[in-house]
Amino acid sequence: MAIALVLVLVVIGSVLFHVLSPWWWTPIASNWGYIDSTLVATFWITGAVFSAVVLFMAYCVYRFRHKEGRKAAYEPESKKLESWLTLITAVGVAAMLAPGLYVWGQFVTVPKDATEVEVVAQQWQWSYRLPGADGKLGTSNARLINSDNPLGINPEDPNGQDDVVVEAADLHLPIDKPVKMLLRSIDVLHDFYVPEFRAKMDMVPGMVTYFWFIPTRTGTFEVLCAELCGTGHGFMRGIVMVDTEQDYTSWLQQQSTFAQLTGPAKVGALVDPAKATAKME
Ligand SMILES: [Cu+2]
């Protein structure tokens, strides 16, 4: 009897905790409201199954408790019961998977007008590369990485010369513009994750993974690494600032291109001297 009661209390407690809990996701700042709806659907389905199973267990513990002289019946097969359980389980699993597949389809279908932004992860910092005026990122190769070329951009590729390099600093993005995040790692597995964007993806050395999203509100958001990547994993943080178009443009103008960072110092080059010395340190 006591055990049956404890089981019922576990169900009531779990449901109350979910409904009354002050902890919930941080407010969303991207177009991926679907991700939240999918998670909510999963909560409801798993919550309902959990409650049903535990309550049934409580019922059985009470109903079939020990009584002098009572014997259990042996019934190893029940076609009818098994068919019902199979059907209900199949419907439950499909209800959890179908929305996920639908959302995933959108997650990897990048709109044509999305701007590319490259994220480069390394132990334990984030760097970024934006296409310059030509709108194209140059090719890159991890073998080309050196202190002058921390992202391994191919110096032979004309598309790469005007690429904007943001090394170990904050990334800015313009609001309401779709961006395709190209994810690269130059050492071990990392995972680019901004909780407010509801999007994340593993970064695998030797390949470029991606996702896309539209930032929907301005603000400062924290970047986390969501893949245990070594002793500095917990400190692998960064900042993404979603700006108005105007703020974004003025930030962009202060950044250095690959050509400016690697080429011989040119008179009148657009490099801020204070920033150039900071880079050389
Ligand atoms: Cu990492």
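As the structure lists them, so they are numbered: ligands from 1, and atoms in each ligand from 1. The analysis underlying the following values was restricted to heavy atoms, covering all of them including side chains, and did not include hydrogens, waters or symmetry mates. The shown structure was predicted, so the numbers you read here are calculated from the model rather than taken from an experiment.
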Undergrad: Are W212 and F107 near enough that their ring centres are under 6.0 Å apart?
TA: no

Undergrad: Using a 6.0 Å distance limit plus a 45 degree cone around the ring axis, check whether R65 lies over the aromatic ring of Y62.
TA: yes

Undergrad: Can you tell me if CZ on R143 sees more than 12 non-hydrogen neighbours from other groups inside 6.0 Å?
TA: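 Not buried by this count: 12 neighbours or fewer within 6.0 Å.
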
Undergrad: Protein N/O/S atoms under 2.8 Å of the Cu ion (ligand 1)?
TA: H190 ND1, C225 SG, C229 SG, M236 SD

Undergrad: Using a cut-off of 6.0 Å, state whether more than 12 heavy atoms not belonging to E82 lie near its atom CD.
TA: yes

Undergrad: Could you check whether N154 and S140, counting side-chain N and O atoms only, form a donor-acceptor pair closer than 3.5 Å?
TA: no

Undergrad: For K136, is the NZ atom crowded, meaning more than 12 foreign heavy atoms sit under 6.0 Å from it?
TA: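 Counting neighbours around NZ of K136, 12 or fewer heavy atoms of other residues, nucleotides or ligands fall under 6.0 Å, so no.
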
